[in-house]
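In this chain, numbering begins with 1 at the start of the sequence shown.
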Amino acid sequence: LKAEARKTEEDVIRNAAVRAVATSQGAREADWVGEFLKHEDADTRYAAAEALSAMNDAGATRKVENHLSQEKTPWIGEKLK
C-alpha cells in the first residue's frame with residue numbers, strides 16, 4: 001500500500017492507501033502519513049490530516065497543527081475543526 005500511495009496518480013487510491021496505513025498502523029506510521037501533508041492534491045492533504053488527527057497521538061496532532069498554519073486551502077482547516 002505504501003508504495004502504491006507514493007506512485008499512483010489516482011487520488012482515490014492514494015487517499016485510501018493513506019487512510020488504510022494510518023488506521024492499521026497508527027502512530028507508528030505518523031511520519032509516513034505526514035509526508036502526504038505536502039502533497040499537491042488538496043484532497044490528499046486532507047486525507048492525511050484527517051488520518052493523523054484520528055491517531056490520538058500528540059506527535060501526529062502536532063504535525064497537523066503545524067501543517068494547518070501553512071495550509072493554503074481554507075476548506076481543509078475548516079473541515080478539521
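The salt bridge (Lys or Arg N to Asp or Glu O under 4.0 Å) analysis of residues 66-81, with sequence neighbours excluded, yields the pairs R45-E71. Identified under the side chain to side chain donor-acceptor pair (under 3.5 Å) test for residues 52-64, with sequence neighbours left out: D31-K63.
Under the salt bridge (charged side-chain N to carboxylate O under 4.0 Å, His left out) criterion, R28 pairs with no residue, sequence neighbours left out. Remark: E4 pairs with K7 by the salt bridge (charged side-chain N to carboxylate O under 4.0 Å, His left out) rule, at least two apart or across chains. With sequence neighbours left out, the side chain to side chain contact (heavy atoms under 4.5 Å, CB included) criterion links N66 to no other residue. Residues passing the side-chain hydrogen bond (donor to acceptor under 3.5 Å, both in side chains) test with K2 are E29, sequence neighbours excluded.
R14 places a side-chain heavy atom less than 4.5 Å from the side chain of D41. Taking the side chain as every heavy atom from C-beta outward, V18 and W32 approach each other to under 4.5 Å. Side-chain contact check for T73 versus Y46: every heavy-atom pair is 4.5 Å or farther apart.
Here the closest non-hydrogen pair linking V33 and A51 is CG1-CB, 4.2 Å. Closest approach of A20 to L1, counting heavy atoms only: CB-CD1, 3.8 Å.
Here D43 contributes atom CG and N15 contributes atom CG; the two are 6.0 Å apart, rounded to the nearest 0.5 Å. Annotation: the span from T44 atom OG1 to K38 atom NZ amounts to 15.0 Å, rounded to 0.5 Å.
A donor-acceptor pair under 3.5 Å links the side-chain atoms of T8 to the main chain of E10, judged by distance alone.
Under the 4.5 Å side-chain heavy-atom criterion for Ile, Leu, Val, Met, Phe, Trp and Tyr, I76 and V12 are members of distinct hydrophobic clusters.
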- Message: For F36 and R6: C-alpha separation, side-chain torsions, deciding distance, then whether side chain to side chain contact (heavy atoms under 4.5 Å, CB included) applies.
- Response: CA-CA 9 Å; F36 290 90; R6 283 193 174 120; 4.2 Å; yes
